[in-house]
Amino acid sequence: MSYINANTILPVELIENIQKYVNGVNLYIPKVPEEKSACSSYKQETNKRNQEIYGLFMQGMTVKDLAVKFYLSDKSIYRILGKMKNK
């Protein structure tokens with residue numbers, strides 16, 4: 001990782017404000033996360049799966065059968081059903 005002198009890219013006022021909190025310390029500033037990240041697609045897939053589980057349960061499928069179908073524990077199915085019910 002390379003470092004850039006803040007004086008070359010930041011306004012003086014901003015540097016002075018940062019120095020009030022961390023004077024002379026190396027500071028890491030993370031990138032702004034992208035909207036289309038692997039994490040968000042995972043959340044979308046999980047939400048879609050949970051909706052499917054809830055729908056099948058409402059159609060009469062048992063918790064045990066759902067656990068087998070989705071490779072989850074009974075406890076996980078109950079947790080998902082509880083969350084989906086409260087949405």
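Basis for what follows: all heavy atoms, side chains included, without hydrogens, waters or symmetry-related copies.
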State, yes or no, whether a side-chain contact exists between Phe70 and Leu56 at a heavy-atom distance under 4.5 Å.
yes
For Tyr54 and Lys85, run side-chain contact (heavy atoms from CB on, under 4.5 Å): C-alpha distance rounded to whole Å, both residues' side-chain angles, the deciding distance at 0.1 Å, then the answer.
CA-CA 8 Å; Tyr54 188 72; Lys85 182 180 177 183; 4.2 Å; yes
Partner residues of Thr46 under the side chain to side chain donor-acceptor pair (under 3.5 Å) criterion, sequence neighbours left out:
none
Between the CG atom in Leu66 and the OG atom in Ser76, the distance rounded to the nearest 0.5 Å is 12.0 Å
Could you name each residue pair satisfying side chain to side chain donor-acceptor pair (under 3.5 Å) that touches residues 4-16, not counting sequence neighbours?
Asn5-Asn7
The criterion is salt bridge (charged side-chain N to carboxylate O under 4.0 Å, His left out); which residues satisfy it with Lys64, sequence neighbours excluded?
Asp74
Interatomic distance, Lys83 atom NZ to Leu81 atom CG [nearest 0.5 angstrom]
11.5 Å
Do Leu14 and Ile29 belong together in a cluster built from hydrophobic side chains that touch within less than 4.5 Å?
yes
Given side chains that start at C-beta, do those of Asn17 and Lys20 come closer than 4.5 Å, heavy atoms only?
yes
Separation of Ile80 CD1 from Ile53 CD1 (nearest 0.5 Å)
4.0 Å
Is the shortest side-chain heavy-atom distance between Met84 and Met58 below 4.5 Å?
no
Is there a side-chain contact between Met61 and Ile77 (heavy atoms, below 4.5 Å)?
no
Any chance you could measure Leu27, atom CG, to Ile18, atom CD1, to the nearest 0.5 Å?
6.5 Å
Is there a chain of hydrophobic side chains (I, L, V, M, F, W, Y, each step under 4.5 Å between heavy atoms) that links Ile4 to Val25?
yes
